Amino acid sequence: MIPLPLREVVAALERLYPPDTASSWDRVGLVSGDLDQPVSRVHFAVDPTLAVIEEARAAGADLLITHHPLLLRGVHSVATTSAKGASVTALIENHIALYVAHTNADVASPGVCDALASACALVDVEPLQVLDGVGHGRIGSLASRLTLREFVEHLSTVLPKAVGGIRVAGPADAFVSRVAVVGGAGDDFFDAVRASGADVYVTADLRHHPALEAREEARGGTPYLVDAGHWATEWLWLRSACSELLRALAGQGTSLNTHICTLRTDPWDFVIGAATSDNTGGTS
Ligand SMILES: [Zn+2]
């Protein structure tokens with residue numbers, strides 16, 4: 001296998017996930033590495049944690065592509081006394097380039113939300129909301145209606161497992177067919193979800209107040225809520241990113257070794273005392 005210069009891999013990534021489509025607060029693109037360094041093995045992960053970087057190092061990766069930024073806020077030190085500093089040091093000492101595609105991958109097509117829509121087995125998928133010409137989230141239909149429980153049971157078979165499982169608000173035996181999705185934290189999109197007429201909204205990181213208020217507004221009806229986990233809903237994108245990158249570079253007559261990280265970077269390790277509630281469909 002002939003290694004590719006990093007600049008060619010970065011150029012392909014920037015065609016797939018244009019940096020100017022990222023949110024203004026975001027920090028995407030190349031974090032470490034030299035554009036002239038050779039790349040022959042690429043790792044894909046949601047989070048650039050120390051364990052993920054170590055896995056990439058042990059596998060001999062030259063490039064780690066993550067969804068979440070390592071450095072989102074200003075830093076004044078990359079000493080190994082902080083985890084961020086230790087991460088930067090490990091990347092540089094081991095000649096591992098780090099590339100981040102975050103909110104630009106969320107809105108890309110195919111991107112994070114398309115991967116989640118596909119996992120939900122949606123057809124006729126379109127943007128949930130278009131802002132400044134950029135489509136955010138996705139909405140589509142199930143080929144045939146399912147009960148809320150059947151739908152989420154299907155979803156659990158295609159998502160990677162996290163300790164928190166999948167939380168659902170709504171009656172388990174209600175039928176659903178229109179599904180809105182936003183990978184990662186999605187509680188900014190409740191107005192768009194309501195306007196879309198979705199029966200169920202699949203997202204993650206739903207906080208108490210926005211979620212409870214959405215259920216109150218729905219008076220126990222639709223849209224039902226599915227909190228499928230931040231890491232799990234975004235992990236689905238890694239396979240898409242890997243295949244899209246290989247496809248983009250295959251046009252140049254090259255190929256790369258790739259690996260999709262399976263380390264669970266969801267931060268939670270166990271759950272105690274969960275209530276067992278079958279089908280109350282609300283807070284009563
Ligand atoms: Zn995220």
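Every number for a ligand or one of its atoms is a count from 1 in the order of the listing. Here the structure is a predicted model, which is why all the values come from computation and not from measurement. In what follows, residues are counted from 1 in the order of the sequence shown.
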Peer 1: Going by the angle between their ring planes, with limits at 30° and 60°, are Trp237 and Tyr17 parallel, tilted or perpendicular?
Peer 2: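 Taking Tyr17 first and then Trp237, their aromatic rings stand perpendicular (interplane angle over 60°).
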
Peer 1: So do Arg138 and Gln129 actually touch side chain to side chain, heavy atoms under 4.5 Å?
Peer 2: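 They are not in contact (no side-chain heavy atoms under 4.5 Å apart), so the answer is no.
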
Peer 1: Using every non-hydrogen atom in the two residues, find where Ala228 and Leu155 come nearest and quote the distance to one decimal.
Peer 2: CB-CD2, 4.3 Å

Peer 1: Quick check on the Zn ion (ligand 1): does Glu234 put an N/O/S atom closer than 2.8 Å to it?
Peer 2: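 It does; at least one qualifying atom falls short of 2.8 Å.
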
Peer 1: Could you tell me whether the side chains of Asp106 and His67 share a donor-acceptor contact shorter than 3.5 Å?
Peer 2: yes

Peer 1: Between His67 and the Zn ion (ligand 1), is there a contact where an N/O/S atom of the residue lies under 2.8 Å from the metal?
Peer 2: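 So His67 does not bind the Zn ion (ligand 1) by this criterion.
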
Peer 1: Do you know which N/O/S atom name in His68 is closest to the Zn ion (ligand 1)?
Peer 2: NE2

